[in-house]
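Working notes for the structure below.
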Amino acid sequence: MRYSGINGTGGYLPAKVVTNKDLEKMVDTSDEWIMERTGISQRHVAEEHETTTSMAAAAAKKAIEASQLKPKDIGMIILATSTPDRAFPGTACLLQEALGIRNCPAFDISAACSGFVYGMTIANAFIKTGQANHVLVVGSELITRYVDWKDRSTCILFSDGAGALVLSAQESPGIMATDLHADGRYKDLLYAGCPYSRDNVSPYIQMKGHEVFRKAVNALGSLVTQVAKENNLDKDAIDWLIPHQANHRIIQATAKKLGLPMEKVIMTVKDHGNTSAASVGLALDHGVRTGQIKRGDLLLMEAFGAGFTWGSVLVQY
Ligand code: ACO
């Protein structure tokens with residue numbers, strides 16, 4: 001039997017940070033309010049010279065190096081982003097060129113904050129069916145350029161960065177289960193427009209925060225309960241929950257549903273903010289590089305985002 005497993009991971013965050021104290025000078029808000037409602041204390045903001053591709057390349061190089069592979073070994077690139085550098089070609093092609101890789105399939109996927117778990121799920125399918133041996137999955141977002149820095153309800157949340165991993169073929173699992181969902185009826189609760197489309201909506205992020213919060217808690221609660229049931233997992237079996245880092249209250253509610261103590265949850269939201277499709281990959285890389293996540297650990301990765309989209313990956317590291 002052929003399976004896929006996490007080989008190496010990588011991450012990149014721009015050096016520039018905007019703290020809650022900085023935001024107090026820009027909009028009517030406070031460090032206390034932001035910390036209490038979101039758990040975010042700072043967000044990373046790309047400099048002018050940084051791009052979705054440059055951040056993806058920095059994270060991808062680390063993931064390939066950690067896998068003890070060379071760029072030429074990569075057989076497919078899947079890049080999740082809602083903030084591509086060009087409408088076309090896909091940022092995955094720009095990344096392929098930046099890494100000096102020749103002639104492998106490379107494509108973008110757009111699933112907002114769920115992009116990384118969508119990407120892992122697609123990569124897993126290609127590996128299991130023997131169509132690729134090493135797939136580079138990257139989530140990269142330069143989302144702060146879609147933020148209206150005068151809108152206190154959204155500018156406190158979002159952050160730039162990239163998370164990456166190499167998924168490789170192996171004889172034992174690896175990825176044990178994947179589960180993806182989408183419901184386009186909620187498209188108007190969280191969106192940003194395309195400047196040249198006739199959709200006529202703002203290019204800045206628009207969000208009904210309270211409704212998004214409620215839907216995220218409900219969808220993720222049902223999702224993790226279902227994953228645990230279908231895979232006969234009791235709460236002690238999961239070593240780490242690696243959630244999308246949007247809001248500490250959403251994460252706490254999901255951990256509670258699973259009966260997991262917060263010590264078993266990788267938390268980066270305080271320092272990383274919400275990096276959308278990069279967030280789960282960045283959190284995984286953080287857990288690996290800080291030595292929290294060890295080989296053999298059972299990881300439940302999950303995400304929820306615009307669409308709405310949501311999903312999970314259960315994987316033995
Ligand atoms: N500082 C101070 N006050 C604020 C701020 C702010 N930055 N933003 C909003 N407020 C005010 C509102 O104007 C409102 O005031 P009012 O009662 O006088 O009208 C009050 O605070 C309460 O507003 P709510 O929107 O109801 O506040 P809530 O407790 O829901 O928190 C938040 C807002 C943090 C946005 C929350 O709804 C949330 O996190 N939602 C999830 C959104 C999210 O994570 N989106 C990311 C993409 S999807 C995902 O990744 C899951």
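All figures in this text were calculated on a predicted structure; none of them were measured in a lab. Numbering of ligands and ligand atoms starts at 1, following listing order.
Tyr317 OH to Ile175 CD1: the interatomic distance, rounded to the nearest 0.5 Å, is 13.5 Å. Here the CZ atom belonging to Arg295 is positioned 7.5 Å from the CD1 atom belonging to Ile6, to the nearest 0.5 angstrom.
Results of the side chain to side chain donor-acceptor pair (under 3.5 Å) test with Asn20 over Asp31, Thr29, Thr38 single out Asp31 as the only residue that passes.
By the definition of a contact as any protein heavy atom under 4.0 Å away, atom 26 (O) of ligand 1 is in contact. By the definition of a contact as any protein heavy atom under 4.0 Å away, atom 32 (C) of ligand 1 is not in contact. Of the protein's heavy atoms, none falls inside 4.0 Å of atom 19 (O) of ligand 1. For atom 14 (C) of ligand 1, the nearest protein heavy atom lies 4.0 Å or farther away. Within the 4.0 Å cut-off (strictly below), a protein heavy atom is located near atom 39 (O) of ligand 1.
Between Asp179 and His181, the side chains place a donor N or O and an acceptor N or O closer than 3.5 Å (distance only, hydrogens not considered). Side-chain contact of Thr91 with Asp85: a donor-acceptor pair under 3.5 Å is absent, judged by distance alone. For His134 and Ser168, the side-chain atoms include at least one donor-acceptor pair closer than 3.5 Å. With 3.5 Å as the limit, one finds no donor-acceptor pair spanning the side chains of Ser54 and Glu50. For Glu141 and Ser276, the side-chain atoms include at least one donor-acceptor pair closer than 3.5 Å.
Counting the atoms of ligand 1 from 1 in the order shown, those under 4.0 Å from a heavy atom of Cys113 are 50 (O). Within ligand 1, counting atoms from 1 as listed, the ones closer than 4.0 Å to a heavy atom of Thr38 are 34 (C). The atoms of ligand 1 that sit less than 4.0 Å from any heavy atom of Leu190 are 47 (C), 48 (S). Residue Arg249 has at least one heavy-atom neighbour below 4.0 Å for each of these atoms of ligand 1: 29 (O), 31 (O). In the vicinity of Ile156, heavy-atom distances shorter than 4.0 Å reach the ligand 1 atoms 7 (N). Against a heavy-atom cut-off of under 4.0 Å, Val212 is close to the following atoms of ligand 1: 42 (C), 48 (S). In summary, the atoms of ligand 1 found under 4.0 Å from a heavy atom of Asn274, numbered by their order in the structure, are 46 (C), 47 (C), 50 (O). The distance from ligand 1 to the heavy atoms of Phe304 drops below 4.0 Å at these ligand atoms: 49 (C), 50 (O), 51 (C).
Heavy-atom contacts from other residues, nucleotides or ligands closer than 6.0 Å to CD of Glu97 number 12 or fewer. Enclosure of atom CZ in Phe213 by more than 12 non-hydrogen atoms of other residues, nucleotides or ligands within 6.0 angstrom is indicated. Atom NZ of Lys257 has 12 or fewer neighbouring heavy atoms from other residues, nucleotides or ligands inside a 6.0 Å radius.
Not close to ligand 1: Ile34, with no non-hydrogen atom less than 4.0 angstrom away.
Counting only non-hydrogen atoms, the option in Ser276, Ala216, Ala246, Ser153 that gets closest to atom 44 (O) of ligand 1 is Ala246. In this structure, of Glu32, His210, Met207, the residue bringing a heavy atom nearest to atom 43 (C) of ligand 1 is Met207.
At a heavy-atom cutoff of 4.0 Å, ligand 1 is contacted by the backbone of Asp28 but not by its side chain. Under 4.0 angstrom from ligand 1, the non-hydrogen atoms of Thr29 come from both its backbone and its side chain.
The protein heavy atom nearest to atom 50 (O) of ligand 1 is His244 NE2, 2.7 Å. Ranking the protein heavy atoms by distance from atom 29 (O) of ligand 1 puts Arg37 NH1, 2.6 Å first. Shortest contact from atom 41 (C) of ligand 1 to any protein heavy atom: Gly209 O, 3.7 Å. Looking only at protein heavy atoms, the nearest one to atom 10 (N) of ligand 1 is Trp33 CZ2, 3.5 Å.
Considering backbone and side-chain N/O atoms, Arg152 comes within less than 3.5 Å of an N/O atom of ligand 1.
Between Glu24 and Lys21 there is a salt bridge, with a side-chain nitrogen of the basic residue lying less than 4.0 Å from a carboxylate oxygen of the acidic one. A salt bridge links Arg152 with Asp28: the distance from a Lys NZ or Arg NE/NH1/NH2 to an Asp or Glu carboxylate oxygen falls below 4.0 Å.
Aromatic ring pairs are classed by plane angle as parallel below 30°, tilted from 30° to 60° and perpendicular above 60°; the pair His272 and His44 is perpendicular.
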